[in-house]
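One structure below.
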2 protein chains.
Amino acid sequence: MFAETADYIKTDNVPGASWRNSTPYTSRSVQTIEHGASLFFQGDDAEYVFEVVEGVVASYSVLADGRRQVHCFFFPGDMLGLTPDAVYHANTCSIGKSRVCSIPRAKLMQIAKERPEIAAKLFESATAQLVGMQDHFVLLGRKCAQEKVASFLSALGARYATEGADTVTFRLPMTRSEIGDYLGLTIETVSRTMTKLRIAGAINLPNPATVEVLSRRRLERLAGDGAGY
Amino acid sequence: MFAETADYIKTDNVPGASWRNSTPYTSRSVQTIEHGASLFFQGDDAEYVFEVVEGVVASYSVLADGRRQVHCFFFPGDMLGLTPDAVYHANTCSIGKSRVCSIPRAKLMQIAKERPEIAAKLFESATAQLVGMQDHFVLLGRKCAQEKVASFLSALGARYATEGADTVTFRLPMTRSEIGDYLGLTIETVSRTMTKLRIAGAINLPNPATVEVLSRRRLERLAGDGAGY
DNA sequence: CGACGGCTTGATGATCATCAAATAGGGTGG
DNA sequence: CCACCCTATTTGATGATCATCAAGCCGTCG
């Protein structure tokens, strides 16, 4: 969505080699982020706003004793690093290798002042994330393990599904640990729940990283969403 | 924050009597919302953006079987009804009597195009909500009952606290049921946990609706946040 | 004064976390 | 190319936390 905006910004204003993980500046403001590498940490100066171009990036918080909560997985087209001030409020890490487009935040905010359609896109991106987060509240606060996992796989499946087909096969980019930290479960519970879904005939697991949704409809029913209003 | 913006909008453009709960249009675009009344429901056309002027408003989702999750409590100064499209994505209800300022959404978006500082405020409001929601993810996904309740009371206490004082007394505007639906707990667990906090000497409960935080510092420690990074 | 709704407290049980161990898959070095 | 190792995942056993069911309490309001 904003990948093209980056080009609007003169690249000679973009400082190079400013990455905590020493990812080289590529001169097209698109960086390749290695598996596990971070775009930024909580408390860092918010120098850039990012758009995922390829791969997946996770944002998360950690409590003092190590408990971790993944807030969100960002997929291609998603913006991250949006903050109300000039500081990041979460940590990030790349799930597998990913490519992100970086846009200097101050510059972008400046441009937003001149071009209303850019400001509107930023607002739309932020509010779309707000809406997405609401479903996740319901999941975390009110769903049981089976509903959580079914919801997760269902949502991920929808991303890869072809129109009309009731089955999907896709590769899970994230580990059980990351899934658990996203769903508020332990890795053991995630694993057990997935086998349960497999035994129930809702999915197949040719290998731990590959999910075959046998019936999207059924999985959605197991997700417990029904027609909430 | 936006209360003044409402005045920028010519009031003769604001349709009256458009409220689902038949709240009368007051000609100053500030409505009084009765206890339990709703500003809007999920799926409604997003005619207005609101700013809470007084009282508290909750937004929530409901699953088909009645399980409810409160996403957020909106206090004076908070905006609600921000959406990426023209539809509301959550339900709302007033906690006790409240007063809200309503701003026609289309009009506001139009104004945002002409006045960058308004667009910036909208963006800031949306992203500030994003940041606030992240802490709530941690609470819902990774905290135990005691930490949840302590976090909640601590946050609420901070809102009423006076600079430097380690104690606060305030009135809980919401019921145990609403607190439970916000924290992902049952009313019984909320009640039990509050008693535990009382016995532990962290708070006092002169009556069910009044909380006296005896030590904000201690309550914060019980909230489990420590120095997450 | 009595009834109602919200809150508290108690008893029990289900779900999920924890601890522990076995298995499988992928990558590395011989 | 194969053997090995390391890590992720799966599976099992046990226990803690919190939900559920149930009853009693308290303040409010008619």
Side-chain angles (χ1 to χ4, degrees), chain A residues 34-36 63 65-69 93 95-97 139-153 171-200 203-211 222 224, chain B residues 35-36 58 63 65-70 93 95-97 138-153 171-200 203-211 222 224:
Chain A
E34 291 304 319
H35 169 82
L63 291 176
D65 59 3
R67 281 175 290 178
R68 204 170 65 129
Q69 177 66 44
C93 76
I95 306 293
K97 188 176 289 190
L139 182 147
L140 287 174
R142 290 305 183 198
K143 287 188 178 178
C144 68
Q146 175 171 300
E147 292 171 325
K148 286 180 175 182
V149 174
S151 298
F152 175 69
L153 295 179
R171 198 180 145 66
L172 276 179
M174 60 290 283
T175 66
R176 298 289 184 272
S177 172
E178 289 155 345
I179 296 172
D181 286 339
Y182 180 60
L183 301 179
L185 300 171
T186 59
I187 50 176
E188 292 97 328
T189 300
V190 172
S191 180
R192 264 187 261 274
T193 307
M194 291 187 94
T195 33
K196 253 185 227 161
L197 289 175
R198 180 173 56 71
I199 289 169
I203 61 172
N204 248 333
L205 294 166
N207 64 63
T210 306
V211 177
L222 292 170
Chain B
H35 170 82
L63 291 176
D65 59 5
R67 280 175 290 177
R68 204 169 67 129
Q69 177 67 43
V70 170
C93 76
I95 305 292
K97 187 176 287 190
V138 176
L139 182 148
L140 287 174
R142 288 306 183 199
K143 287 188 178 178
C144 67
Q146 176 171 300
E147 292 170 325
K148 286 180 175 181
V149 174
S151 298
F152 175 69
L153 295 179
R171 199 181 143 66
L172 277 177
M174 59 289 282
T175 66
R176 297 289 184 273
S177 173
E178 288 156 345
I179 295 172
D181 286 340
Y182 180 60
L183 301 179
L185 299 171
T186 60
I187 49 176
E188 293 95 330
T189 300
V190 172
S191 181
R192 264 187 260 275
T193 307
M194 292 188 92
T195 319
K196 256 185 224 160
L197 289 175
R198 180 172 57 71
I199 290 169
I203 61 171
N204 247 333
L205 294 166
N207 64 65
T210 305
V211 178
L222 291 170

Whole Å only: how far is the [atom1] atom of [X] from the [atom2] atom of [N]?
{"X": "Arg171(B)", "N": "dG6(C)", "atom1": "CZ", "atom2": "C1'", "answer": "13 Å"}
{"X": "Ile187(A)", "N": "dT10(D)", "atom1": "CD1", "atom2": "P", "answer": "10 Å"}
{"X": "Lys148(B)", "N": "dC18(D)", "atom1": "NZ", "atom2": "P", "answer": "8 Å"}
{"X": "Arg198(B)", "N": "dT9(C)", "atom1": "CZ", "atom2": "C1'", "answer": "11 Å"}
{"X": "Arg142(B)", "N": "dT17(D)", "atom1": "CZ", "atom2": "C1'", "answer": "15 Å"}
{"X": "Lys196(A)", "N": "dT11(D)", "atom1": "NZ", "atom2": "C1'", "answer": "12 Å"}
{"X": "Asp181(B)", "N": "dA19(D)", "atom1": "CG", "atom2": "C1'", "answer": "13 Å"}
{"X": "Glu188(A)", "N": "dT9(D)", "atom1": "CD", "atom2": "C1'", "answer": "10 Å"}

Exercise for the section: Using the closest heavy atom to pick a nucleotide of DNA chain D for each, name whichever of Thr189(B) or Asn207(A) lands nearer the 5' end. Expected result: Asn207(A)
Out of [options], whichever nucleotide has its closest atom nearest the side chain of [X]:
{"X": "Arg192(B)", "options": "dC18(D), dA20(C), dG10(C)", "answer": "dG10(C)"}
{"X": "Cys144(B)", "options": "dA17(C), dT8(C), dC18(D)", "answer": "dC18(D)"}
{"X": "Thr195(B)", "options": "dC18(D), dT9(C), dT9(D)", "answer": "dT9(C)"}

Handout entry: Contact nearer the 5' end of DNA chain C, comparing Pro206(A) with Ala145(A)
Key = Ala145(A)
Exercise for the section: Go through Cys144(A) and Glu147(A) one step at a time and tell me if the side-chain contact (heavy atoms from CB on, under 4.5 Å) criterion holds. Expected result: CA-CA 5 Å; Cys144(A) 68; Glu147(A) 292 171 325; 3.6 Å; yes
Exercise for the section: Report which part of the nucleic acid Ser191(B) touches: base, sugar-phosphate, or nothing (heavy-atom distance under 4.0 Å, all strands). Expected result: base
Practice task
Look at all strands and tell whether Gly184(B) reaches a base, only sugar-phosphate, or nothing, counting heavy atoms closer than 4.0 Å.
Solution key: sugar-phosphate
Handout entry: Sidechain-backbone polar pair: Arg142(A) side chain, Leu185(B) backbone, donor-acceptor under 3.5 Å
Key = yes
Problem - Closest non-hydrogen atom pair, His35(A) against Ile95(A) - result: ND1-C, 4.3 Å
Problem - Pair Leu172(A)-Thr210(A), side-chain contact (heavy atoms from CB on, under 4.5 Å): steps then yes or no - result: CA-CA 6 Å; Leu172(A) 276 179; Thr210(A) 306; over 6 Å; no
Practice task
Among Leu183(A), Thr189(A), Val190(A), find the residue that satisfies the side chain to side chain contact (heavy atoms under 4.5 Å, CB included) test when tested with Thr186(A).
Solution key: Thr189(A)
